[in-house]
**Student:** 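First the structure, which I've put down as structure tokens, then a few questions once you've had a look.
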Amino acid sequence: MMPACQIAKERTVIRWVAKDQLPGLIRSKVRHGDVILDVGSGIEPQTLVWPKLHICVEAHGEYVSYLRERLAGSPRYLVMNSVWEKALGILPDKSVDIVFALDFIEHLSKEDGLAFVAEAERVARRQVVIFTPLGYFPQTYDDATAADRWGMHGGYWQTHRSGWVPEDFSEAWEIIGCRDYHTEDQHGASTDPIGCIWAIRTFGTASGFAEGSREMERRLRLRALVRRHVPAWCRSIVRSIRRRIS
């Protein structure tokens, strides 16, 4: 009989792409959602989807304060100062459209990470979208007073405690990866790039996915037209204004 680990490896399909292909491909895979849960958002909430309600779950108070000040006045955002267990634990089954966990799961132990995946699948109606380094990516902050990569003091939360590979996800997940995505670590430029994976679990009907794909295709075409015909300096000003009012 074939070992279980070998079976898992054979049925886990991963699509490897170049780094510059990832943004457009991932945007084409992510559905639209009116209510999304952004777990471990840090100070940079996800921008793949622009929902009616964007719930940011963040455990570190310093990041929460920054987010609340930055997003003050925007009714789309709800910032929760909470660990993921409590935030997801109070949510009913299938209560949000999409759960995002971008650069989050590697900060948990493997046991807690698997528990998070199960909870994310429980509360998501349409999708769970996870982004994480490929395998273990060393990162630790032993000095509690040292600044993290955002110049704050969230070193405990920034420490990596696990590594993730395609075989950690069942065949229900779509896996997209890049072998040389991370070219920097916490200390700066790295001579040994580390890969990444996107793990996407989609629920619902194919028609719903097609509708979301068509909408994303329209957005990508519009974005391409803007890049082609609008000067870079003008686009930069628009992005700056959008960040201030969002």
Side-chain angles (χ1 to χ4, degrees), residues 8-9 12 14-17 19 22-23 26 29-30 36-48 56-60 62-64 67 80 82-88 98-121 123-124 127-144 146-150 152-170 172-190 192-201:
K9 288 182 179 180
T12 301
I14 180 167
R15 179 178 177 182
W16 296 104
V17 300
K19 185 174 181 176
L22 269 179
I26 297 304
K29 297 290 184 180
V30 175
I36 68 105
L37 192 67
D38 191 355
V39 184
S41 61
I43 64 171
E44 297 177 348
Q46 68 79 37
T47 57
L48 288 166
C56 297
V57 176
E58 176 52 53
H60 183 49
E62 198 173 10
Y63 300 161
V64 170
L67 271 184
M80 297 179 62
S82 173
V83 293
W84 73 266
E85 303 98 308
K86 292 183 178 179
L88 271 69
I98 307 174
V99 176
F100 286 95
L102 310 185
D103 279 318
F104 169 71
I105 199 169
E106 65 273 15
H107 300 290
L108 307 179
S109 69
K110 202 56 172 280
E111 181 180 3
D112 286 346
L114 293 171
F116 166 76
V117 170
E119 276 291 270
E121 289 178 309
V123 303
Q127 278 186 321
V128 180
V129 180
I130 293 174
F131 172 77
T132 187
L134 174 64
Y136 181 67
F137 184 1
Q139 180 169 291
T140 185
Y141 292 83
D142 297 325
D143 183 357
D148 60 26
R149 63 191 181 96
W150 288 321
M152 300 185 190
H153 302 90
Y156 172 83
W157 303 101
Q158 293 287 350
T159 296
H160 290 179
R161 298 176 174 86
S162 60
W164 296 81
V165 294
E167 291 74 30
D168 289 316
F169 299 89
S170 75
W173 291 74
E174 180 176 10
I175 310 295
I176 299 171
C178 174
R179 298 185 187 276
D180 56 356
Y181 184 84
H182 295 282
T183 57
E184 294 185 355
D185 58 25
Q186 69 186 100
H187 305 294
S190 172
D192 187 17
I194 292 179
C196 72
I197 57 173
W198 286 85
I200 302 174
R201 175 80 159 91

**Student:** Can you tell which of Val128, Asp38, Ile36 makes a side chain to side chain contact (heavy atoms under 4.5 Å, CB included) with Ile98?
**Tutor:** Ile36
**Student:** What are the two closest heavy atoms between Ile197 and Pro166, and how far apart are they?
**Tutor:**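 Closest pair (atom of Ile197, atom of Pro166, distance): CD1-N, 4.1 Å.
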**Student:** Measure the spacing between CG of Leu134 and CD1 of Ile175 and express it to the nearest 0.5 Å.
**Tutor:**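 The distance works out to 10.5 Å.
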**Student:** Is there a side chain to side chain contact (heavy atoms under 4.5 Å, CB included) between Phe100 and Val39 once you walk through the steps?
**Tutor:** CA-CA 6 Å; Phe100 286 95; Val39 184; over 6 Å; no
**Student:** Assess the residue pair Gln127 and Arg201 against the criterion (side chain to side chain contact (heavy atoms under 4.5 Å, CB included)); give the C-alpha distance rounded to whole Å, side-chain angles, the decisive distance to 0.1 Å, and a yes or no.
**Tutor:** CA-CA 5 Å; Gln127 278 186 321; Arg201 175 80 159 91; over 6 Å; no
**Student:** Can you find a heavy atom in the side chain of Val30 that is under 4.5 Å from one in the side chain of Trp198?
**Tutor:**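 No - every pair of side-chain heavy atoms lies 4.5 Å or more apart.
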**Student:** Please determine whether ring pair (Phe, Tyr, Trp, His ring centres under 6.0 Å) holds for the pair Tyr181 and Phe137, giving the CA-CA distance in whole Å, both sets of side-chain angles, and the decisive distance to 0.1 Å.
**Tutor:** CA-CA 12 Å; Tyr181 184 84; Phe137 184 1; over 10 Å; no
**Student:** Does any N or O in the side chain of Glu119 come within less than 3.5 Å of the main-chain N or O of Glu85, such that one atom is a donor and the other an acceptor?
**Tutor:** no
**Student:** Using the side chain to side chain contact (heavy atoms under 4.5 Å, CB included) rule, take Val57 and Ser41 through it: C-alpha gap first, then chi angles, then the decisive distance, then the call.
**Tutor:** CA-CA 6 Å; Val57 176; Ser41 61; over 6 Å; no
**Student:** If you compare all heavy atoms of Asp168 against all heavy atoms of Gly163, which two are closest, and at what distance to 0.1 Å?
**Tutor:** OD2-O, 3.9 Å
**Student:** Is there a donor-acceptor pair under 3.5 Å between the side chain of Gln46 and the backbone N or O of Leu48?
**Tutor:** yes
**Student:** Using the side-chain hydrogen bond (donor to acceptor under 3.5 Å, both in side chains) criterion, which residues pair with His60? Sequence neighbours excluded.
**Tutor:** Glu62
**Student:** Within a strict 4.5 Å, meaning less than it, do heavy atoms of the Trp16 and Ile176 side chains meet?
**Tutor:**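 Not touching, per the 4.5 Å side-chain cut-off.
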**Student:** Are Glu106 and Thr132 close enough that a side-chain donor and a side-chain acceptor fall under 3.5 Å?
**Tutor:** yes
**Student:** Starting at SG of Cys178, measure out to CD1 of Ile194 and round the result to the nearest 0.5 Å.
**Tutor:**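 CD1 of Ile194 is found 12.0 Å from SG of Cys178.
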**Student:** What distance separates Ile200 CD1 from Phe169 CZ, expressed to the nearest 0.5 Å?
**Tutor:**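 If I round to the nearest 0.5 Å, the distance is 11.0 Å.
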**Student:** Do NZ/NE/NH1/NH2 and the carboxylate oxygens of Asp112 and Arg161 come within less than 4.0 Å?
**Tutor:**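 Result for this pair is no, no salt bridge flagged.
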**Student:** Is there a side-chain contact between Phe131 and Cys196 in this structure, where contact means two heavy atoms from C-beta onward sitting under 4.5 Å apart?
**Tutor:**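 Contact flag for Phe131/Cys196 side chains = yes.
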**Student:** Could you check Leu22 against Val17 for side chain to side chain contact (heavy atoms under 4.5 Å, CB included), going step by step and ending with a plain yes or no?
**Tutor:** CA-CA 7 Å; Leu22 269 179; Val17 300; 3.6 Å; yes
**Student:** Is Lys29 paired with Glu174 through a side-chain N to carboxylate O contact shorter than 4.0 Å?
**Tutor:** yes
**Student:** Locate the shortest heavy-atom distance separating Leu67 from Cys56; write the atom from each residue and the value.
**Tutor:** CD1-CB, 4.3 Å
**Student:** Spell out, as yes or no, whether a donor-acceptor pair under 3.5 Å connects the side chain of His160 to the backbone of His107.
**Tutor:**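 No, because the side chain of His160 does not come within donor-acceptor range (under 3.5 Å) of the backbone of His107.
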**Student:** Does Lys86 have any side-chain hydrogen bond (donor to acceptor under 3.5 Å, both in side chains) partners at least two apart in sequence or in another chain, and if so, which?
**Tutor:**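 For Lys86, no residue satisfies side-chain hydrogen bond (donor to acceptor under 3.5 Å, both in side chains) once neighbours in sequence are set aside.
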**Student:** Take the angle between the ring planes of Trp84 and Phe116 and call it parallel below 30°, perpendicular above 60°, tilted in between.
**Tutor:** perpendicular
**Student:** Could you tell me which non-hydrogen atom of Gly113 sits nearest to which non-hydrogen atom of Ile105, and how far apart they are?
**Tutor:** O-CD1, 3.8 Å
